[in-house]
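So you know, we letter chains A, B, ... as the sequences are listed, proteins then strands, and number each from 1. As a basis for the values below, the full set of heavy atoms in this structure was taken, side chains included, without hydrogen atoms, waters or symmetry mates.
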Number of protein chains: 2
Amino acid sequence: MNAETGEALDAELACPIAPVVDIVFSRWTTPILWTLHEYGRQRFVELQRRIATITPKVLTQRLRQMERDGLVVRTYHPEVPPRVEYEISELGGSLAPLFAALTEWSAENLEKVERARSAYDEGEG
Amino acid sequence: MNAETGEALDAELACPIAPVVDIVFSRWTTPILWTLHEYGRQRFVELQRRIATITPKVLTQRLRQMERDGLVVRTYHPEVPPRVEYEISELGGSLAPLFAALTEWSAENLEKVERARSAYDEGEG
DNA sequence: CTGTATCCTTTGTGATACTG
DNA sequence: CAGTATCACAAAGGATACAG
């Protein structure tokens, strides 16, 4: 947010859910949350394997952000070699109904979007 | 999606709602949908004024994408000067319960995120 | 294993000016 | 009014290599 320009404020005025969208639907956050939800508490390398196209750099960045936002919990085990586990926090878990609603909307309407696109593109050509 | 690398496929496997997130929660789409929902059918310049920080270029880009996805309807009135009106489609309107759920989650949990951030940043300093 | 560091490319976005 | 065209820039993301 910028106090000079008030950009974030403007975005919030135009759309009250803008802050939540920033937190929950940033790129890579939903795949990470989903994977943690599907497979439970797991290590860094497991996440990396399951989200095949993510790089360690980006995975670290997103996990840090989500940890800071209180959505995931990071547990460091000081062993050799080091072991780190990630899991969904209670706050993160409270998003489950939301994700379920998104899944349902997707099941009912994703195909309509596809058809709309085809129709639109046909009108173009 | 890239057939060679299968990147989109990977993202979908890791997270079934990835396609919906792309469609609905791209940048600027929620403010635009929200404004259309709040003020109803309106002209290009009205949208531009209500979402103060958006530029005409970006507004056009987003509106075109949402029109192609079937979320909004564009009506062109061939007058002088030209008049164009945008409104939410039936498909776009079907997102309303989702947005309501997001609003509710925000009301209940946004503050928790703020507190988690403060706690995290304190531990850093 | 769990990341960091570096470099590089791409994408998104903004500023500005202009057209029918 | 409703955009389009062009330039420019910053940030996000990917590739790769390396460290504790």
[X] side-chain proximity, nearest of [options]:
| X | options | answer |
| --- | --- | --- |
| A:V84 | C:dT2, C:dC1, C:dA15 | C:dT2 |
| A:T60 | C:dT4, C:dT2, C:dA15 | C:dT4 |
| B:R74 | C:dG14, C:dG20, D:dG3 | D:dG3 |
| B:P56 | D:dT4, C:dG14, D:dG13 | D:dT4 |
| A:V45 | D:dG13, C:dC1, C:dG14 | C:dC1 |

[N] phosphate, OP1 or OP2: any side-chain N/O from [X] under 4.0 angstrom?
| X | N | result |
| --- | --- | --- |
| A:R62 | D:dG13 | yes |
| B:R83 | D:dA2 | no |
| A:Y86 | C:dG3 | yes |
| B:R27 | C:dT13 | yes |
| B:R64 | D:dG3 | yes |

Checklist entry - Does A:R83 make a cation-pi contact with A:Y76 (under 6.0 Å, within 45 degrees of the axis)? => result no
Checklist entry - Could a donor-acceptor pair under 3.5 angstrom be found where the side chain of A:K57 meets the base of C:dG3? => result no
Item to check | Short side-chain to backbone donor-acceptor contact, A:S89 and A:V73, under 3.5 Å | outcome: no
Could you state the [atom1]-[atom2] distance from [X] to [N], rounded to the nearest angstrom?
| X | N | atom1 | atom2 | value |
| --- | --- | --- | --- | --- |
| B:E46 | D:dA2 | CD | P | 8 Å |
| A:Q42 | C:dC1 | CD | P | 14 Å |
| B:L59 | C:dA15 | CG | C1' | 16 Å |
| B:Y76 | D:dG3 | OH | C1' | 11 Å |
| A:L63 | C:dT2 | CG | C1' | 11 Å |
| A:D22 | C:dG12 | CG | C1' | 15 Å |
| A:Q48 | D:dA15 | CD | P | 12 Å |
| A:W28 | D:dA12 | CH2 | C1' | 12 Å |

Next on the checklist: Classify the ring geometry of A:F25 against A:F99: parallel below 30°, tilted from 30° to 60°, perpendicular beyond 60°.
Outcome noted: parallel
Checklist outcome for this item: Note: for A:P82 and A:Q61 on DNA chain D, the residue whose nearest nucleotide lies more 5' is A:Q61
Next on the checklist: Under a 3.5 Å threshold, yes or no: a donor from one side chain and an acceptor from the other, between A:Q65 and A:R62?
Outcome noted: yes
Checklist entry - Would one find more than 12 heavy atoms of other residues, nucleotides or ligands at under 6.0 Å from atom CD of B:E90? => result no
